[in-house]
Amino acid sequence: MKRHVLGQDLRFWLLAIVVMLVAQGIFFLGDRDIPIFNLVGGPFAKRVIISACTISIVSLGLNLIYGFNGQFSLGQWGFYALGAYAAADVTYRWNIGDASGLVFVVLVVALLAVTYGLIGRLIRRSFGFMDEMSKFTLYLIGTAMAVVVSLILTRLLHGVVGAIFGILPATLSMQLVFLIATLAAAGLAAVFSYLFGQPVLKLGGDYFGIASWGLTMVMFVLANNADRVFPEMKGSRGMIGIPVVTDWPWAYLFLVLVALTMRNLLDSSHGRAVISIREDETAAKAMGIDTTQYKTLAFVIGSFFAGLAGSLYAHQEGFLHPSTFNFIKSFDPLIIIVFGGLGSITGTIVASFGWAMVLFYILPSILPAGGEGWRFVVYPLALLLIMLLRQQGLLGGTEWGFLKPTRWSLAKKLQSQTKATEKAADAQAGAGVLPPEVAR
Amino acid sequence: MTMVLRMASLNKYFGGLRACCDFDLTLEEGELQGLIGPNGAGKTTVFNMVTGLYAVSSGSIEYYGRNIVGVPPHEITQMGIARTFQNIRLFPNLSVLDNVRIAYHFHAGYGVSDSIWRSGHFSDKERELTERTQEFLAVFNLHTRQDEIARNLPYGEQRRLEIARALAAEPKLLLLDEPAAGMNPAEVGSLMELIHFIRDRFKLTILLIEHQMRLVMSICERITVMDFGEVIARGTPNEIQNHPKVIEAYLGRTAALRGAPLAG
Amino acid sequence: MQRVATWRRKGLGRLFLWGLAALAAYVLIRNLVTNPTLFFQQVINGLQLGFVYALISLGYTMVYGIVRLINFAHGDIFMVGAFVSFYAISRFQLNQVPAQIVGGLSSNISAFLGTILVIILSMLTCSALATTVERVAYKPLRNAPRIAALITAIGVSFFLEYFAALEFVFTSDYINYQRPFPVQVWDIRGVKISNIMLIIVVTAIIFLVILQQIVRRTKIGKAMRATSYDTPTARLMGINVDGVITFTFALGAALAGAGSVLYAIAYPQLIVFMGILPGLKAFVAAVLGGIGSIPGAFIGSLIMGQAEVLSAGYLSTTLRDAIAFTILILVLLVRPQGLFGEPEGEKV
């Protein structure tokens, strides 16, 4: 029976690798300027694909929160910004020979995770039921302590860590630092979303949306003023000099991992608990589901993805500007998941690629030269048109192929039993366990 | 006999409105008790307080001797109190199978990381869970419909599925909120059979809110009658049918004076 | 015993919130004592801003109250209103029309009448635009999931901004606004009060009173309240719900139109994106006051104006928006339904 699950995953991985190889081939040819391939495989196409992967990852996170869990979050763009700036700062500092960013972010994420775990246990053990604001205060105190401790530890450790990583060849260590920075930035977004979610998730409905959107706005303002604390981020002038590391295999790998993680999570008892909250929160509670816990779970994982995507984005161009994280752009993931279909992983990925195509290829090609200004006139019109014509999105909650939930085949014993009951029902005997009247 | 549920001087205020007023009720193990009363008498409010969906204003609810006031709803369910809703509350866009599997959630026995890594433990447990659900659905003759989306089921089957889902949470006490609402007499008949059947098979204690007198009078052993949030009468079905206060609450004062018994 | 238990459950959170409030009060009082003139000047500036927000936030709150839609295009309708008034004044000298028609008017009265003319023109344009938007974009989605309408609203907002940015429509550059009347400033013991400030306050109050009368006294107002309370039942009672919704959009847009002229007079620089931030803050103000409540939107806007100006003055100029949104989050935590809103209890 284990083979069944593994088999599905195996096929998933095979497909993923095949896609990767094909894409690599196309890019290989594209780089050599071979006709046709240079169109679909040139550096520009690579950029489009990386953008699509990045936006897919944020959108998948949002779909987990909104499409599957039913919590209307506009805060994902804020976590995306957080991830982008955090990861960019780590690699930027690394690039100028300073390991402090790396050490600090990793330490703070680890310490915060441990602290939150301990505080959660403390609350359950000795306080019993505590209101959200008090919990939040406790967590806030814990956060402050963890940050101070990590600052001190960073002072002590960063020289040593720098030296250890220094042994590796420069290109390898850069990739390694990028990987660690990406995961740490995602972790930072996750722990921060946990802190934020403590009091805010209980709001529910539109109010949660508005509060989380407030978070996005705060992040935007902070990004604009980041240079006060971190001079290298240069605030509203935009951060430059971030090492360009995100090549398309990275983006692709992370997208595959994220999609698989989401499918595996959702196709389990925990995933069904997450979905049940979207379906009917009261009924979910009455069925013994700890709704607060599962809302937090979805929100934290979704924000983890947002932070991850932020790091990928930051290392794609080597340049970060606060205007990327403004109010207007924050709706992109929302638009994508609604187009792709709320509650569909496949739909989100397809829609993300479609979105990138439209924005980078189709709009520029149908608009006359110099018609740059028209791009965002046509885009919202297309938006309106699709909303009017197909409100449930492209795929509307269905999945393709490997992203479908597992179907557990019936055990032998039950199969025969089922057949027996069906036969009996056919024979109008109304057999089975229920009395005939009930069985009707 | 063990006392399953004991509510004492229970009050619930909505702003200035007192929805439930010094309510008390006891439920013995294995009992099937009816809770009746005119619309707006506060019956569902009682259910909501027992299941933790509403905060109790004052008073106590003891479940097997433990005070459960202030315990969050999901923990109450995990302690063994399950319920159905007056206006069926299934998970409408999920399959019949998933509706019941969600109720089994507490017994899944694997963590979030197990499900993400797809560990062997996960697949064992998940398969076991699914098989148990399918067997369970077979008991309710819903197994042939397991892949159907819940909202597409006919009304009677939705009711049956909701009861099945509540039972999948493995309760010791089942609260049924107007299970016969919107059913025709034939359907009510089979519902009665179903309630008897599940009580015997799952060794349940049942508290039942119902408007259909025929159902209540024929299957309940004891009945508590509420009006305006207060208990106005309690006793066996026979005693209740002729209780003047009950007749007054349902039919008005003159009927009570004429001594008309409630329909049997 | 009960109190001890309550303290264990809620005490820490309360302590935290009271601590924050005490900190804010301390900052304010210290500044009031050290430099009262500056403090009162800030309060006056905050009032001016708050009253403009009030005019915008009423549109948000009414529309949300009736169709449960966050009408993101509202801020852009506000922008269009400002541009229309700009063209009316700078191109067509609409503010001088009264003087041309009636000779011998004193310049003050002429400017006053001209300004009213410009405001009315702006209001009408905004109403017409909002009605069109409602008919074209929102009405077909009335029975769709709410998210579809929300995305449509975002789309309309983008469209208005970028369409207006095209060279043959408005422009994508900053424009300097020409005021329809000269500015006068009075100095009361160091606190400067301008005629702009007075006009804004008076106009906003007049509009609020008119609006309250419409909602309270007229038939359409009653229909609005009924629709807001329970749309399907209102429809069953024979209320023309679509008409009411259109009217609400038009009314809200008219107020935003008036607000846009006043805003442009007070802060005379225009750009096609100028509607976004005031729109957002007005929306925040509506949420603060309790979305769906007209007095709530008004009070919320005044608080928002003060919060913004005072935090810019005493805490940080660049972080003022962050502070405004942090206040929003805090208020939502303490009172999700806002100051004047009705809590939405879930029926089980």
Side-chain angles (χ1 to χ4, degrees), chain A residues 66 72 127-138 140 196 199-200 202-222 224-225 228 235-236 281-282 326-328 331 334-335 338-339 342 373-377 379-384 387-388 391-392, chain C residues 8-17 64 68 70 72 136-137 140-141 144-152 154-163 165-167 172 273 276-277 280 283-284 287 291 316 318-329 332-334 336-337 344 346 348:
Chain A
Y66 181 47
F72 181 53
F127 286 89
F129 308 106
M130 205 175 189
D131 83 321
E132 281 77 4
M133 207 60 214
S134 302
K135 279 189 198 163
F136 176 71
T137 315
L138 264 185
L140 207 61
F196 179 75
V200 174
K202 73 155 184 183
L203 292 173
D206 284 6
Y207 292 114
F208 173 67
I210 295 164
S212 58
W213 169 66
L215 177 89
T216 297
M217 298 303 292
V218 171
M219 284 294 175
F220 171 63
V221 177
L222 291 182
N224 264 311
N225 296 284
R228 293 193 190 180
S236 55
E281 195 173 337
T282 307
N326 72 5
F327 164 71
I328 295 175
F331 289 110
L334 184 67
I335 290 167
V338 173
F339 273 7
L342 290 173
W374 281 91
R375 183 191 283 199
F376 285 100
V377 179
Y379 174 60
L381 283 180
L383 208 69
L384 294 185
M387 272 302 105
L388 292 176
Q391 291 141 12
Q392 73 274 40
Chain C
R8 272 172 78 89
R9 277 190 288 117
K10 299 187 172 171
L12 208 54
R14 285 183 191 168
L15 204 67
F16 175 63
L17 290 172
Y64 187 90
R68 299 276 180 272
I70 303 172
F72 279 109
V136 174
L141 291 169
R146 280 174 56 204
I147 185 70
L150 185 77
I151 292 207
T152 310
I154 297 164
V156 171
S157 163
F158 281 11
F159 176 77
L160 288 177
E161 282 157 21
Y162 286 95
F163 187 69
L166 295 175
E167 288 308 320
S172 54
F273 302 110
I276 299 177
L277 263 186
L280 293 185
F283 173 67
V284 169
V287 177
I291 193 140
S316 160
T318 45
L319 291 182
R320 61 199 256 183
D321 295 345
I323 293 165
F325 287 102
T326 309
I327 292 176
L328 166 78
I329 295 176
L332 281 178
L333 291 180
V334 181
Q337 72 273 28
E344 265 181 41
E346 206 212 353
V348 179

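Residue numbering restarts at 1 for every chain, and letters A, B, ... go by the order of the sequence lines. Just so it is clear, the values below take in all heavy atoms, side chains as well, and ignore hydrogens, waters and symmetry mates.
Contact annotation for F72(A): only side-chain heavy atoms (C-beta onward) come within less than 4.5 Å of a heavy atom of chain C. Using a 4.5 Å cut-off between heavy atoms, F196(A) contacts chain C through its side chain alone, with no backbone atom that close. Residue I323(C): no heavy atom, backbone or side chain, is found under 4.5 Å from chain A. Looking at L160(C), neither its backbone nor its side chain comes within 4.5 Å of chain A, counting heavy atoms on both sides. Proximity to chain C is limited to the side chain of L203(A), based on heavy atoms less than 4.5 angstrom apart. For A165(C), no part sits under 4.5 Å from any heavy atom of chain A, backbone or side chain. When heavy atoms are compared at a cutoff of 4.5 Å, L15(C) does not approach chain A at all.
Ring planes of W213(A) and F325(C): perpendicular class, angle over 60° (limits at 30 and 60°). Classification of the F159(C)-F163(C) ring pair by plane angle, with boundaries at 30° and 60°, yields parallel.
What you find for A137(C) and V156(C) is that their closest heavy atoms are CB-CG2, 3.8 Å. Across L384(A) and T152(C), no two heavy atoms sit closer than the pair CD2-CG2, 3.1 Å. G13(C) and S134(A) get closest at one heavy-atom pair: N-OG, 2.9 Å.
Residue with the most contacts toward chain A among L319(C), L280(C), V287(C), L328(C): L280(C) (heavy-atom pairs, distance under 4.5 Å). Here L141(C) is the residue among V136(C), L141(C), D321(C) with the most heavy-atom pairs under 4.5 Å with chain A.
Taking the salt bridge (Lys or Arg N to Asp or Glu O under 4.0 Å) definition, one finds that R146(C) meets it with D206(A), sequence neighbours left out.
R228(A) and T318(C) are linked by a side-chain donor-acceptor pair at a separation below 3.5 angstrom, with hydrogens and angles left out of the test.
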